[in-house]
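Worksheet: the structure to be examined is printed underneath.
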Amino acid sequence: MESKNKLYIVSFGDSRKYRLPFVELPSEDGLHHSDRTPLANMEKELNEYLKKEFPDDNFAYFTTPKVTEVDWDHRDKYESYPLLDGKAIEEIKKVLSEEVKDMRSTQEMNDDAPFSDVNAAAV
C-alpha cells in the first residue's frame with residue numbers, strides 16, 4: 001500500500017495563503033484516510049483566541065479555513081508560500097484580530113450614519 005502526498009493551500013479570513021503538505025496513509029482496509037485534525041485544531045484555536053478578544057462576535061467567516069487542493073506534482077509553484085505551522089497561526093491571529101476590529105468599526109459607522117434608524121414601516 002502506498003502513501004499519497006497532497007498539498008493544500010489554506011487561508012483564514014483575508015489572511016495570506018499558506019502551504020499545508022499532507023500525507024494520506026493507507027489503512028488496513030486499503031482505503032486512504034485523511035486526518036484533517038490539524039486543520040480542525042487550528043480552526044478551534046483561532047475561534048478560542050477571537051472569542052477571548054471579542055466575546056460578543058461570530059467568527060465563522062474569519063476562522064473557517066478556505067482550502068484548495070493542489071496536485072502534488074505542482075508543489076514547486078507554491079514553494080514561496082509559508083508553511084501553515086504554529087508561527088503562521090500566531091500571524092493569522094493578528095490578521096484576524098485586525099479584521100474583526102475593522103468589521104466592528106464599519107458596523108459602528110453604519111449604525112451612526114444619518115438615516116440609520118429610518119422606520120421602514122413609516123415610509
Side-chain angles (χ1 to χ4, degrees):
M1 287 186 259
E2 67 184 59
S3 63
K4 186 176 178 185
N5 296 326
K6 293 186 177 189
L7 177 64
Y8 296 103
I9 303 302
V10 182
S11 65
F12 294 88
D14 292 328
S15 75
R16 69 192 300 186
K17 294 179 179 173
Y18 296 87
R19 286 180 297 137
L20 183 62
F22 191 77
V23 177
E24 277 188 335
L25 300 174
S27 67
E28 293 176 8
D29 61 9
L31 302 173
H32 290 278
H33 296 278
S34 298
D35 179 10
R36 295 215 169 36
T37 304
L39 208 50
N41 288 342
M42 292 175 191
E43 184 176 359
K44 181 180 177 191
E45 181 178 344
L46 293 171
N47 268 311
E48 289 172 354
Y49 171 79
L50 290 176
K51 197 67 173 168
K52 286 179 186 172
E53 293 281 315
F54 311 98
D56 299 328
D57 286 327
N58 180 341
F59 310 107
Y61 168 77
F62 301 105
T63 59
T64 301
K66 294 167 195 72
V67 182
T68 304
E69 184 176 343
V70 174
D71 188 301
W72 186 254
D73 294 336
H74 299 140
R75 67 188 177 277
D76 56 329
K77 294 179 183 178
Y78 299 91
E79 284 185 7
S80 64
Y81 288 41
L83 280 174
L84 183 56
D85 57 12
K87 180 182 173 192
I89 292 298
E90 293 306 312
E91 292 173 4
I92 292 168
K93 285 178 182 177
K94 292 175 188 172
V95 169
L96 297 184
S97 182
E98 288 302 315
E99 287 184 40
V100 172
K101 287 177 188 174
D102 288 348
M103 177 191 70
R104 284 180 146 191
S105 200
T106 300
Q107 285 174 337
E108 284 179 25
M109 286 191 313
N110 288 341
D111 289 345
D112 292 341
F115 311 110
S116 64
D117 289 328
V118 172
N119 182 348
V123 177

Salt bridge between E98 and K101, side-chain N to carboxylate O under 4.0 Å?
yes
Less than 4.5 Å apart, side chain to side chain, heavy atoms only: is that true for L83 and P21? yes
Worksheet item: Between F22 and Y8, how do the two ring planes meet: parallel, tilted or perpendicular, split at 30° and 60°?
Response: perpendicular
So, do M42 and P65 sit near enough that their side-chain heavy atoms are less than 4.5 Å apart? no
On a heavy-atom basis, the closest approach of D57 and K51 is O-NZ, 3.5 Å
| message | Any non-hydrogen side-chain atom of L7 less than 4.5 Å from a side-chain atom of E69? | response | no
**Message:** Under 4.5 Å between side-chain heavy atoms, counting indirect links through other Ile/Leu/Val/Met/Phe/Trp/Tyr residues: same cluster for V95 and V100 or not?
**Reply:** no
What one should report as the nearest heavy-atom pair of I89 and E45 is CG2-OE2, 3.6 Å
Fill in: Hydrophobic cluster membership, V67 vs W72, 4.5 Å side-chain cutoff
no
V70 and H74 have their tightest heavy-atom pair at CG1-CB, 4.2 Å
Legend entry - Over-ring placement of K66 relative to Y61, 6.0 Å and 45° cut-offs: yes
In short, Y78 meets I9 closest at the heavy-atom pair CD2-CD1, 3.7 Å
ask   = Between the main-chain N or O of L46 and the side-chain N or O of K93, is there a donor-acceptor pair closer than 3.5 Å?
value = no
Check: Taking C-beta and beyond as the side chain, do Y18 and I92 meet within less than 4.5 Å on heavy atoms?
Finding: yes
Q) Under the 3.5 angstrom rule, does the side chain of E99 hit a backbone N or O of D14 as a donor-acceptor pair? A) yes
* With a 4.5 Å limit on heavy-atom distance, are the side chains of S15 and F62 in contact? -> no
If hydrophobic clusters are built by linking Ile, Leu, Val, Met, Phe, Trp and Tyr wherever their side-chain heavy atoms come under 4.5 Å apart, do L50 and M103 end up in the same one? yes
Is it the case that one hydrophobic cluster holds both Y49 and F54, taking links as side-chain heavy atoms less than 4.5 Å apart, direct or via other members?
yes
